[in-house]
Amino acid sequence: MFKALLLVSLALTVFAAPARRQSITTLSTTQIETYKPYTWYASTAYCAPSTTITWSCGSNCEANAGFEPVASGGDGAVIQYWYVGYDPNLKTVIVAHQGTDVSDIVPLLEDADIVMETLDPSLFPGVSSSIEVHSGFAATQAGSAPDVLSAVKTAISKYSTNTITVTGHSLGAAIALLDYVYLRVQLSSVTVKMIGYGLPRVGNQAFADYVDAIGGITHINNKEDPVPILPGRFLGFHHPSGEIHIQDSGAWDACPGQDNTSDLCEVGDVPNIFESKESDHDGPYDGVEMGC
Ligand SMILES: *[C@@H]1O[C@H](CO)[C@@H](O)[C@H](O)[C@H]1NC(C)=O
């Protein structure tokens, strides 16, 4: 009896501490549910700024009914939509960025002429020049960066918090990952987390290692989505750690390390673009389809 209890409590300990996992662990239903508000926030970033600033965007907004918007922006063309506000239940500032259509992003990421560049020192002062990121992602992030920063500063002082969570899907996840670095560099004494969905590879090995050294990121990949395997590793792109891979069965598995090649993780499950399925990009992520 005691032994059985011990085993149960050991199992609970393993589930309760996925960040220190060394093996692939399957998330419990309760753990999966903790991502639900962020999944809706990522989806809501597809809604027009005129509706996120008043939090009147229909089911996306209703899913996080207590949210208090601070600022919204973007035009959905040159600058992806974004919004910033505060979640009183999660006690965090939320920053969310719009993604893009899978049929638009895949050809861009498959382009063998993809250019990497160092992070702009005016936005990312002090970040090593060995760190390089996709130049298109850098340009897109730069487009909203100053407005996002100023909205985050407003939210931090208005709600007396120093916790920020950035989120997004697809291109929005890539912008969110750069924002996560940017906000941490720009603001002292804040805790920044990033929870992304269908994240493409954003930067080189030095970038992935830099992100891992900070910690606090989760990127959730759905089934045979092609976007997370792009751009290819042979082009020098690498994912930071923090992957959760959704299996065909609907199980969520936390994968340790960068680009884990196990069949239970994205790289092993989707060895090349021909074995991918574009329709998996938008979800469902525990029942939520991305879009507004
Ligand atoms: C992938 O996960 C396994 C656990 O199944 C772990 O032992 C291995 O180190 C991981 N690979 C990488 C590249 O981190």
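Start at 1 and go down the list; that is how both ligands and their atoms are numbered. Quick note: residue numbers are just sequence positions, from 1.
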Would you tell me whether D209 and Q258 have side-chain atoms, one donor and one acceptor, within less than 3.5 Å of each other? yes
In terms of the angle between their ring planes, are Y197 and Y285 parallel, tilted or perpendicular, with boundaries placed at 30° and 60°? perpendicular
T52 vs P69 side-chain heavy atoms within contact, under 4.5 Å: no
Taking the side chain as every heavy atom from C-beta outward, state whether L27 and I244 have any pair of such atoms under 4.5 Å apart. yes
Which distance, rounded to the nearest 0.5 Å, do you find between the OG of S262 and the CG of D269? 9.0 Å
For ligand 1, what are the residues with a heavy-atom contact below 4.0 Å? Q22, S23, I24, P256, G257, Q258, N260
Could you list the donor-acceptor pairs under 3.5 angstrom formed by side chains in residues 220-230, with sequence neighbours left out?
unit_1: N221; atom_1: ND2; unit_2: E243; atom_2: OE2; d: 3.2
unit_1: N222; atom_1: ND2; unit_2: D280; atom_2: O; d: 2.9
unit_1: N222; atom_1: ND2; unit_2: G283; atom_2: O; d: 3.1
unit_1: D225; atom_1: OD1; unit_2: V227; atom_2: N; d: 2.9
unit_1: D225; atom_1: OD1; unit_2: H281; atom_2: ND1; d: 3.1
unit_1: D225; atom_1: OD2; unit_2: H281; atom_2: ND1; d: 2.7

